[in-house]
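Comments concern the structure below.
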Amino acid sequence: MTSPWYSEIWRIALLLAAGWLLGHFVGSPSWGLVAVLLAYILWQLLNLKKLYAWLADARNSETPSSGGAWGTVFYRLQRLDAKHQEERRASQDLLERYKLATRALPEATVTLGAGGEIELINDAAGRLLGLKDPEDLGRPITNLIRIPDFVEFMGKRDYRETLDLPSPAVDGIALSVRVVELNEIGKRLLLARDISRVRKLEQVRRDFIANVSHEMKSPLTVIKGYAESLLDDCSEHTVKWRKPLTQINQQTVRLCDIVEDLLQLSNLETSPDNKALAPVDMPALVSSLLEEAIELSKGRHQLDSDVDKELFLLGSFNELYSAFSNIVFNAVRYTPTGGRVEVRWYRDTAGGARFEVSDTGPGIAAEHLPRLTERFYRVNQARSRELGGTGLGLAIVKHVLLRHDARLEVESRLDEGSAFRCIFPTARVCGKTSPRGSAVPRSDRHGQPGDRELA
Ligand code: ADP
């Protein structure tokens with residue numbers, strides 16, 4: 001097909017030739033050429049006017065028509081417009097289907113643009129997050145939900161974790177917020193799920209355990225007291241009762257330990273986070289711990305320590321003592337005679353601090369490591385019971401560390417030993433200023449070594 005531009009050039013050439021001929025017949029070829037050129041310019045202006053009028057109101061007017069190159073241009077524009085309209089209809093259709101699907105979802109669903117502005121919301125987002133369609137579309141979500149934790153969560157742009165949040169629209173509703181990145185330019189999908197029922201069930205479970213533990217504490221203390229007195233009073237006539245009484249005493253001590261640990265866990269779960277941070281004298285804490293470890297080891301192990309004397313930690317002395325004592329006493333209890341236990345407290349390369357306990361004990365197989373901090377999870381049930389373990393020690397460690405923004409790392413090899421590392425962030429580390437808590441009453445400490453040694 002000949003290009004419209006070539007045809008147009010031919011057309012102009014023919015027009016000029018016709019103008020020249022006409023002008024020649026009337027005696028002035030140049031006037032003939034001028035007349036033809038003026039007519040051509042007028043025709044161009046007319047077509048430009050048509051194009052301009054159509055572009056100004058393309059939605060409502062028909063595509064103009066004309067001859068020559070303009071005809072081809074108008075025809076192409078018409079085809080482009082038709083294609084564009086078809087694409088718009090398809091994406092509108094897709095959008096309607098997406099809206100219909102998300103409308104049915106019980107989860108609040110909000111599509112966010114790269115700048116965090118709201119693009120789409122479903123009905124549940126109106127109910128749970130208080131967002132309005134269409135009023136809030138185009139507005140940044142953090143201008144509408146101003147809860148500080150939420151603003152910080154959205155700003156971090158690391159969405160591997162979920163965020164628990166009270167509903168900004170309905171009192172008493174707890175939400176779990178998750179963000180999914182949709183593309184590399186920053187489009188995101190925010191999902192908020194009502195977790196009030198789960199929270200209530202968790203509360204019921206916590207209350208139940210705390211209540212049962214409280215109820216059991218007094219009767220157990222009485223039984224333990226009587227068993228101890230009867231054992232002390234065992235005369236020759238009652239010597240046959242010594243064995244059953246010893247067993248009653250041992251089992252009661254075990255139950256008392258479990259109740260103590262359960263109460264401690266429930267306290268850790270229910271009491272608010274310790275926001276008023278006090279510097280804890282870690283060197284004093286570790287030295288106190290080592291004294292108890294030496295008492296528990298009874299000379300069966302080599303106990304070493306390496307402590308940064310200038311390094312203090314912001315937190316709760318009692319909670320930290322409880323967590324660290326569980327780790328140290330575990331190392332002593334599980335490491336066979338002749339083994340070595342090393343306690344370290346040092347600053348790490350990232351500026352944080354680490355409390356580390358390594359031993360040359362039996363080690364833990366890799367498949368058990370992810371489950372160690374679960375309640376009552378024991379690698380070897382019989383061995384743990386025999387050593388007086390409650391199965392709750394590392395669960396307590398996990399909770400205490402969570403309350404101190406820290407995490408537990410466990411490295412272990414079977415038959416070689418284990419290393420338990422508590423990793424604290426820089427924000428929790430401080431120097432030797434106004435040390436507090438270097439003396440803690442024995443009754444406040446968790447896991448008295450003597451109590452655990454029942455075997
Ligand atoms: P327990 O009271 O039974 O010691 P913990 O929660 O303190 O409960 O520990 C969970 C389990 O982890 C223990 O039963 C034990 O099998 C294992 N464990 C903990 N510390 C060590 C260690 N230092 N060496 C070997 N196994 C360990």
Side-chain angles (χ1 to χ4, degrees), residues 209 213 250-269 286 289-290 292-294 296-297 300-305 319-344 354-402 406-423 445-455:
I209 293 173
S213 309
Q250 283 178 351
Q251 295 306 321
T252 322
V253 170
R254 215 171 83 72
L255 277 176
C256 284
D257 282 346
I258 292 178
V259 165
E260 278 297 330
D261 280 2
L262 281 174
L263 281 173
Q264 195 184 358
L265 263 175
S266 123
N267 266 341
L268 287 170
E269 279 184 332
V286 176
L289 259 180
L290 283 167
E292 295 209 38
I294 290 168
L296 178 64
S297 163
R300 290 179 292 128
H301 310 90
Q302 179 190 331
L303 286 163
D304 295 323
S305 66
E319 287 182 16
L320 292 167
Y321 196 96
S322 163
F324 297 157
S325 63
N326 273 306
I327 300 177
V328 174
F329 299 161
N330 272 352
V332 173
R333 285 186 300 130
Y334 290 105
T335 303
T337 305
R340 178 169 173 262
V341 173
E342 188 187 12
V343 179
R344 290 181 68 206
R354 293 182 180 205
F355 176 82
E356 186 175 309
V357 180
S358 49
D359 63 55
T360 55
I364 304 162
E367 72 260 27
H368 297 293
L369 295 182
R371 300 194 60 190
L372 281 187
T373 53
E374 284 176 22
R375 282 155 207 230
F376 297 112
Y377 188 82
R378 288 140 163 153
V379 176
N380 181 335
Q381 287 271 20
R383 184 90 187 107
S384 161
R385 290 223 173 98
E386 189 189 314
L387 295 170
T390 59
L392 295 167
L394 292 180
I396 291 174
V397 172
K398 180 178 127 183
H399 274 85
V400 170
L401 292 188
L402 268 179
R407 64 190 169 87
L408 178 69
E409 197 179 84
V410 186
E411 246 178 63
S412 193
R413 271 177 203 272
L414 270 183
D415 302 324
E416 284 183 26
S418 316
F420 287 76
R421 218 165 282 129
C422 306
I423 303 170
R445 292 175 185 169
H446 167 79
Q448 301 293 312
D451 290 351
R452 291 278 177 106
E453 253 221 324
L454 298 174

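Atoms within each ligand, like the ligands themselves, are counted from 1 in listed order.
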Ligand 1 atoms in contact with [X] (distance to a heavy atom under 4.0 Å):
X	value
Leu372	12 (O)
Ala331	23 (N)
Arg378	3 (O), 14 (O)
Ser418	24 (N)
Gly393	5 (P), 6 (O), 7 (O)

Ignoring hydrogens and geometry, is there a side-chain-to-backbone donor-acceptor pair from [X] to [Y] under 3.5 Å?
X	Y	result
Ser418	Ser412	no
Ser325	Ser322	yes
Ser297	His301	yes
Ser384	Asn380	no

Should [X] be listed as contacting ligand 1, given a heavy-atom distance under 4.0 Å as the test?
X	result
Gln381	no
Gly361	no
Asn326	no

Is it true that the side chains of [X] and [Y] contain a donor and an acceptor less than 3.5 Å apart?
X	Y	value
Glu342	Ser305	no
Asp261	Thr390	yes
Gln302	Asp304	yes

Kindly identify the option in [options] whose heavy atom sits closest to [atom].
atom	options	value
atom 14 (O) of ligand 1	Phe376, Phe420, Tyr334	Tyr334
atom 18 (N) of ligand 1	Leu387, Leu414, Ile364	Ile364
atom 7 (O) of ligand 1	Leu392, Val357, Asp359, Asn330	Asn330

Plane angle bin for His368 and Tyr377 - parallel if under 30°, tilted between 30 and 60°, otherwise perpendicular: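 The arrangement is tilted - the two ring planes meet at 30° to 60°.
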Quick check: [X] and ligand 1, any N/O pair under 3.5 Å apart?
X	result
Tyr377	no
Gly391	yes
Val379	yes
Leu394	yes

Residues Arg340, Asp359; criterion salt bridge (Lys or Arg N to Asp or Glu O under 4.0 Å); working and verdict: CA-CA 6 Å; Arg340 178 169 173 262; Asp359 63 55; over 6 Å; no
Arg333 and ligand 1 - part of the residue with a heavy-atom distance under 4.0 Å: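 Near ligand 1, Arg333 shows its side chain, while the N, CA, C and O stay back.
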Gap separating the OH atom of Tyr321 from the CD atom of Glu292, nearest 0.5 angstrom: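 Result: 3.5 Å between the selected atoms.
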